[in-house]
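What follows is a single structure, written as structure tokens, with notes after it.
The model shown is predicted, which means the values in this text are computed figures rather than measured ones. So you know, we letter chains A, B, ... as the sequences are listed, proteins then strands, and number each from 1.
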There are 4 protein chains.
Amino acid sequence: MDSRTCAALKGSGGVKIGEKGRARSGVTTDIVREAALALAREFGPGRVTVEGISTASGVAKTTIYRRWPNAAALIMDAFLDEIGPVIAYRPTATLIGTFSNALHDLARALTPSRREMLRHLVAAAQSDPDLGAAFWENWIKPRREEALRAIQPFGVARDEGDILLDLLFGAFYYRMLIPYAAIDSEWIDGLVERVFLDDPKPATELGGRN
Amino acid sequence: MDSRTCAALKGSGGVKIGEKGRARSGVTTDIVREAALALAREFGPGRVTVEGISTASGVAKTTIYRRWPNAAALIMDAFLDEIGPVIAYRPTATLIGTFSNALHDLARALTPSRREMLRHLVAAAQSDPDLGAAFWENWIKPRREEALRAIQPFGVARDEGDILLDLLFGAFYYRMLIPYAAIDSEWIDGLVERVFLDDPKPATELGGRN
Amino acid sequence: MDSRTCAALKGSGGVKIGEKGRARSGVTTDIVREAALALAREFGPGRVTVEGISTASGVAKTTIYRRWPNAAALIMDAFLDEIGPVIAYRPTATLIGTFSNALHDLARALTPSRREMLRHLVAAAQSDPDLGAAFWENWIKPRREEALRAIQPFGVARDEGDILLDLLFGAFYYRMLIPYAAIDSEWIDGLVERVFLDDPKPATELGGRN
Amino acid sequence: MDSRTCAALKGSGGVKIGEKGRARSGVTTDIVREAALALAREFGPGRVTVEGISTASGVAKTTIYRRWPNAAALIMDAFLDEIGPVIAYRPTATLIGTFSNALHDLARALTPSRREMLRHLVAAAQSDPDLGAAFWENWIKPRREEALRAIQPFGVARDEGDILLDLLFGAFYYRMLIPYAAIDSEWIDGLVERVFLDDPKPATELGGRN
DNA sequence: TTTTAATCGAGACGGTACGTCGCGTCTTGTT
DNA sequence: AACAAGACGCGACGTACCGTCTCGATTAAAA
């Protein structure tokens, strides 16, 4: 990543003052992001190349490399820039409701093309530690913290909260990455019920613990 | 995938009879698989190339391409061929115990290098539908079915079983792919307890359902 | 070349007796030659490959290689087999007439596709000594000797005959290989007249010899 | 051919002004040409490959392909670049002398390795129209025009000149491409005498015209 | 008739080279 | 300085044919 750009990833945002020479064009950044997303939507995020973005956007490769280290980072940046404002937690009165809302909201926000983008980002993060860190820092972590904050009032301990998140969002990502069946409302409800079950057959009835 | 090879992926196994032309050398297949794994272990699965495998194994690139469509498919084949026999379900007397065993066994079987391999396979499957299908068919599905068989005696319905698997293995893959914290025994125990909880704070205490 | 085939190139022709084992199928030879010519006509002789001929003819590559050393040799064989019987010398009463006939006949016999074939054979002969020898032995030499025999009655010495052939047929091949202008009747007549000139401006008038 | 290079083939030569981007390195061009010639001399022009030139010259394959479309074109370029300045017409006082000089000079300029190169170029031109055009435009045509200019003073008409060139140089190329006998001084003299004969047996004596 | 041995199809195999793509870096003006 | 343009070295791609090699399965003459 560059110290000057990747607005969505780094905090930055502020206008650079006092730098010598020609200032970077903010418009250019947007054009490039837009082109990257468009290409990702059209051909799939895996086929997007810096070369292609350069051609499509009319922005020189040099300029792109000056701001992002590679295509995956650029796509991640563009994706987060686009989806960031879309998702927000809806706090509710109950724990189960909060999680249920969060999962349903996420499913709704992730349109097919966004879902593919996200799948690709997870994939890209597997072979690029920097990307993995950025993914954690800018996507996963903030929304986990938001979730933890949202359920704090219910008196859930930190590690208990982590386990809840791992279970519910783990299941979500699992089905997204290994799409053997659709992610639909019933399934989400089933997940939540199972985790917060108070009536279904308790484990004891199912054979007890060993 | 090829109709004649990828033994670990396709069922095959049977001896080829009546096939015309010179038979494919089984030795060659093993040599290539071995080389692919060795390179993956040394440089990471993402850096393995067909070119490299060809050089390292001494098997011509054409021969490799005759059997596998690309490096990822070959690595998947080799990985499954290697790990396949390693993992088997240990049936226990209780449901919770069965799942607990399964998760702990998986964690144990997945040495760091295998874990990286698996992460890479999930990643590769995101941008290659064929690979995705093969991953599901040869890795995920058989072990899900084995799990479902193992818990059938406890009277768990099919969809209830799917949800349990999604939650527990979803969490496992989630932490593997987004490694913000280690996968250790305590965490696995916590997962299982949370899902099969009969004593921890029930959801009702946590605010009821909305 | 093979000791048993290349009928058009080697003398052979005779039926093999005393050979043990299954005899070679003469039909196969013709099928292959035919396929080679067809492919050459369709895609140009330079694009014809043994692999392609094998596929097109349904004759195994092994079988083809058993009879011809490479594609060029096969094409040469097929070409000569086809064109061989077409061309024959028409003896006339005069030297100039004999040459004129020979050139016109050659021009007529060489249809566009045959001409391209011949150009390709000359080309192939440049980088394959065996082919060069075969080309000389089976195409150029026999027809030079026929020409020399035809003009022997006119009392032309051997080396004088060679020079005449080099000039006239040299010009012909030159224009065929470097086709800056068409090979038409007027041009052929012009060549012959120039070589056998008895009236046009003699060299003396053009400045004498130096 | 490329619009920017192939100096020997295209007229170019002029300094590039106003071209965008980094300029092509002229040094690189020379290095590649040199390597191509060296390889052609060592292994024969037919065995020269772009891959080999790249390795030998240390210039990336992509860079080579950026300038020449294939190995043959590169060899042609290099050959003409090398031999171009070597050959020039020596005008003499007589027609026969001019041609005689031209043929002897050509024979002398064409060292064995250059001769093989030339044979290969003619061959390559047979299956590549672009190459054929380049060969005509950059090798044959300029030299024919120079010849025609040289004999203009002797009052030879254009088409008469063409026939003379076709006969004499046709014979030369014929013997070069179908090397059944050496190209030596006596033979060249014989050719010239035969074409410009004023004393040898006229055609009438040889049977008249039909 | 039975050998017997070469032929034939099919296709695997190790090679070499192809021509292309995309990478990330670099030079060269221009703004 | 940023920027567009494009050259450059590099690594790898996936493909085409090469010519050789195993395979069985014919098939025709010799024994």
Side-chain angles (χ1 to χ4, degrees), chain A residues 4 16 19-25 28 47-55 57-71, chain B residues 4-5 16-25 28 47-55 57-67 69-71, chain C residues 4 16-25 28 47-55 57-67 69-71, chain D residues 4-5 16-25 28 47-55 58-67 69-71:
Chain A
R4 287 177 62 166
K16 304 290 173 188
E19 304 255 6
K20 293 195 79 176
R22 180 170 164 183
R24 282 192 186 166
S25 160
T28 301
R47 310 207 109 79
V48 177
T49 65
V50 173
E51 203 98 35
I53 296 169
S54 170
T55 304
S57 65
V59 172
K61 254 197 321 176
T62 337
T63 303
I64 297 176
Y65 275 111
R66 209 173 284 122
R67 304 182 182 203
W68 298 274
N70 52 50
Chain B
R4 288 179 65 162
T5 342
K16 307 287 174 191
I17 313 178
E19 300 258 11
K20 303 283 231 127
R22 180 170 165 182
R24 286 192 181 164
S25 159
T28 300
R47 312 205 107 78
V48 178
T49 66
V50 173
E51 200 100 32
I53 297 170
S54 171
T55 304
S57 66
V59 171
K61 222 173 23 152
T62 27
T63 299
I64 297 176
Y65 275 112
R66 216 171 274 127
R67 304 181 182 205
N70 51 54
Chain C
R4 287 176 64 166
K16 304 290 174 185
I17 314 179
E19 307 252 5
K20 290 195 84 176
R22 180 171 165 181
R24 282 190 187 166
S25 160
T28 300
R47 312 205 109 78
V48 178
T49 66
V50 173
E51 203 99 32
I53 296 169
S54 170
T55 304
S57 65
V59 171
K61 247 195 328 174
T62 337
T63 303
I64 297 176
Y65 275 112
R66 209 173 282 123
R67 304 181 182 203
N70 51 53
Chain D
R4 288 179 65 161
T5 342
K16 309 286 174 190
I17 313 178
E19 302 258 9
K20 302 280 230 131
R22 180 171 166 181
R24 285 192 182 163
S25 159
T28 300
R47 312 206 106 79
V48 177
T49 66
V50 172
E51 199 100 34
I53 297 169
S54 171
T55 305
V59 172
K61 226 175 17 153
T62 25
T63 300
I64 298 177
Y65 275 112
R66 217 171 273 128
R67 304 182 182 205
N70 51 53

Can you find a side chain N or O atom of B:Thr63 that sits less than 4.0 Å from OP1 or OP2 on E:dA12? no
Between OG1 of B:Thr55 and NZ of B:Lys61, what distance do you get to the nearest 0.5 Å? 9.0 Å
Would you mind reading off the bend of the helix from E:dT1-F:dA31 to E:dT31-F:dA1 from its two end axes, five pairs each, to 10 degrees? 10°
Figure out the CD1/P separation between C:Ile64 and F:dT20, and round it to whole Å. 14 Å
Determine whether a donor-acceptor pair (N or O, by modelled atom type, separation under 3.5 Å) exists between the side chain of A:Ser54 and the backbone of A:Val50. no
Per atom distances to the D:Thr28 side chain, the nearest of E:dC8, F:dC8, E:dG14 is F:dC8
Hits for side chain to side chain contact (heavy atoms under 4.5 Å, CB included) against A:Thr62, two or more places apart or cross-chain, chain-then-number order -> A:Ala60, A:Arg66
Taking the side chain as everything from C-beta on, heavy atoms only, tell me whether B:Arg24 gets closer than 4.5 Å to B:Thr63. no
Do any side-chain nitrogens or oxygens of C:Arg67 fall under 4.0 Å of OP1 or OP2 in E:dC8? yes
How long is the span from the CG atom in A:Asn70 to the CD1 atom in A:Ile64, to the nearest 0.5 Å? 12.0 Å
List the atom of D:Thr49, the atom of D:Gly52, and the distance in Å for their closest heavy-atom pair. OG1-N, 2.8 Å
Could you list, one pair per line, each protein nitrogen or oxygen that sits under 3.5 Å from a nitrogen or oxygen of nucleotides 22-26 of chain E, together with the distance?
{"residue": "E:dC23", "atom": "OP1", "partner": "A:Val50", "partner atom": "N", "Å": "3.3"}
{"residue": "E:dC23", "atom": "OP2", "partner": "A:Val50", "partner atom": "N", "Å": "3.2"}
{"residue": "E:dC23", "atom": "OP2", "partner": "A:Glu51", "partner atom": "N", "Å": "3.0"}
{"residue": "E:dG24", "atom": "OP2", "partner": "A:Tyr65", "partner atom": "OH", "Å": "2.7"}
{"residue": "E:dG24", "atom": "N7", "partner": "A:Lys61", "partner atom": "NZ", "Å": "3.3"}
{"residue": "E:dG24", "atom": "O6", "partner": "A:Lys61", "partner atom": "NZ", "Å": "2.7"}
{"residue": "E:dC26", "atom": "O2", "partner": "D:Arg22", "partner atom": "NH1", "Å": "3.1"}

Rounded to the nearest angstrom, tell me the gap between atom CD1 in D:Ile53 and atom C1' in E:dG19. 14 Å
Pairwise 5' ranking along DNA chain F for A:Ala60 and D:Ala60, keeping only the more 5' one: A:Ala60
